[in-house]
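Single-structure report; data block below.
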Protein chains: 2
Amino acid sequence: MYFCTHVILYCMTLSEENYLKAIYHLSAKSGIAVTTNDLADAMDTKASSATDMIKKLADKDFVNYKKYQGATLTKEGRLIAASIVRKHRLWEVFLVEKLNFNWDEVHEVAEHLEHIKSDKLIEELDAYLDYPTVDPHGDPIPDKYGEIQAGKKVPLSSLKPSEKGLCVGVKNTSKEFLQYLDKIEIALGIELTIIEKEVFDGSVTIAYKEFQKNISAVAAANLYVRKI
Amino acid sequence: MYFCTHVILYCMTLSEENYLKAIYHLSAKSGIAVTTNDLADAMDTKASSATDMIKKLADKDFVNYKKYQGATLTKEGRLIAASIVRKHRLWEVFLVEKLNFNWDEVHEVAEHLEHIKSDKLIEELDAYLDYPTVDPHGDPIPDKYGEIQAGKKVPLSSLKPSEKGLCVGVKNTSKEFLQYLDKIEIALGIELTIIEKEVFDGSVTIAYKEFQKNISAVAAANLYVRKI
DNA sequence: TTTTAAATTTAGACAAATCTAAAAATAGTT
DNA sequence: AACTATTTTTAGATTTGTCTAAATTTAAAA
């Protein structure tokens, strides 16, 4: 099984790709069929537009659809959506690692780059970046078969004193939070060790680099790590 | 004067950008106003569609237009068109130098990449590629003010025996010609020395690398060099 | 279980970019 | 200068993705 370039290349509009991607993200979260309203909200449009597009995607066998029952991805739809997410995240890695972008600057540009259609481009980019498995926010990059290989990420707040974690991403992607992390010099790939957790407010004292700092429960819940 | 990002970012559709670029290329060739038919041919569409788009671009003050008199670029239109050509050619350099693309593979992908709108992206890319002045075909890359700095290129056939040229591009960009050049190992940046020109058929004997070969008048006319 | 509220779909309209076919303007030729 | 032939423009239709408003279905509550 492999990405169906022909389909992607010849048959999908920008709008179709974006809807498919939104369905992919929403169904990953909920695990069940994506509702018309949720899809419309995600796409910042109206329910009637979402219905129209779901029908079109169903006609092309990218989603399963029964009236009033929401949409789920077909195998082919999931593969295409995964390929778009793959491209998005690879471009994000490129922007951060090669072009000096910050965490909080890459998303918008990657939203456009993800729609460039060229198998060679993405394969070469993947190789050029040395086959990364997570993007700059720690989100996993699907492989070319649409499968996610990266290990599970957990919030920093779930670690106990003396446990160590590799910083792999954030839950809250707001500019404010990312800039806060920049300020205290926490970045992707940093090793963190839990020193102590305050019972009364959930704040966590962590050691990393040459620092030892205390961060709030909110911050700890929004920082993803992979246990090491 | 600088690229008007706001205009590019917020006001131009893909189609408008492509038409503007086509007008830029056509008027560079002829120097005079671009006719509706020529524009339609270049865009592989019908004259009526070209008229419609010219009107729209004229409304936005990107072209000067009088009925039946064709179109010329305004200062702002030229700047935007140049920025698109700049992006196209920078991406071509990136694809060849970093992602192992060949001369004859880059154009199609660059056609899409050129429409990605981000000042930071293109500035960083430019720096990352070390400020190239020509693309892999030897065509000049406009600077960020829309100006072309690169030296003039001339066909190899215009050189006389014992003159040397740096291979900077091709006139004929057909896959066949580019593959022919690959085969005889002529590439961008190669130094060529004219050994001899045959009077009867215009063919040229050239020395380069460890080779000494004879190429036809047609080939020599389609290979651009910069005298050195 | 019936009624009400919410979610979803349909119907009809609109803007963008295109087309075909017909009308209008320009240019070339005698 | 008048007449073709070509070029260009206009008018009206089509497709895609969107909208609003109304109709329909499902879900929740009394």
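Labels below follow one simple rule: chain letters A, B, ... track the order of the sequence lines, proteins then strands, and each chain is numbered from 1.
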Practice task
May I ask you to decide whether B:Glu114 forms a salt bridge with B:Lys21, counting only side-chain N to carboxylate O separations under 4.0 Å?
Solution key: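 Yes, charged N to carboxylate O under 4.0 Å.
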
Phosphate OP1/OP2 of [N]: any [X] side-chain N/O under 4.0 Å:
| X | N | answer |
| --- | --- | --- |
| B:Thr36 | D:dT9 | yes |
| B:Thr45 | C:dT18 | no |
| A:Tyr19 | D:dT16 | no |
| A:Tyr68 | D:dA23 | no |
| B:Asn37 | D:dT8 | yes |
| A:Lys55 | C:dT9 | no |
| A:Lys67 | C:dT10 | yes |

Round to the nearest Å and state the distance from [X] atom [atom1] to [N] atom [atom2].
| X | N | atom1 | atom2 | result |
| --- | --- | --- | --- | --- |
| B:Gln69 | C:dA24 | CD | C1' | 14 Å |
| A:Glu16 | D:dT18 | CD | C1' | 14 Å |
| B:Met53 | D:dT9 | CE | C1' | 16 Å |
| A:Asp41 | C:dT8 | CG | C1' | 13 Å |

Exercise for the section: Look at all strands and tell whether A:Thr51 reaches a base, only sugar-phosphate, or nothing, counting heavy atoms closer than 4.0 Å. Expected result: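 Base contact - A:Thr51 has a heavy atom under 4.0 Å of at least one base atom.
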
Exercise for the section: Mind checking B:Ser15 for me? I need base, sugar-phosphate or nothing, with any heavy atom below 4.0 Å counting as a touch. Expected result: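 Contact class for B:Ser15: sugar-phosphate only.
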
Donor-acceptor contacts under 3.5 Å from residues 62-69 of chain B side chains, at least two apart:
| from | atom 1 | to | atom 2 | distance (Å) |
| --- | --- | --- | --- | --- |
| B:Asn64 | OD1 | B:Thr72 | OG1 | 3.2 |

Exercise for the section: Counting heavy atoms from C-beta on, name the nucleotide in C:dT18, C:dT9, D:dC19 closest to the side chain of A:Asp52. Expected result: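 For A:Asp52, the side-chain atoms sit closest to D:dC19.
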
Problem - Side chain of B:Ser49 - closest among C:dA16, C:dT18, C:dT9 - result: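 Of the options given, the side chain of B:Ser49 lies nearest C:dT18.
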
Are the side chains of [Y] and [X] in contact, using a 4.5 Å heavy-atom criterion?
| X | Y | value |
| --- | --- | --- |
| B:Ile122 | B:Lys144 | no |
| A:His107 | A:His88 | yes |
| B:Tyr224 | B:Leu156 | no |

Problem - Distance-only donor-acceptor test (3.5 Å): side chain B:Ser48, base C:dT18 - result: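 No, no donor-acceptor pair under 3.5 Å.
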
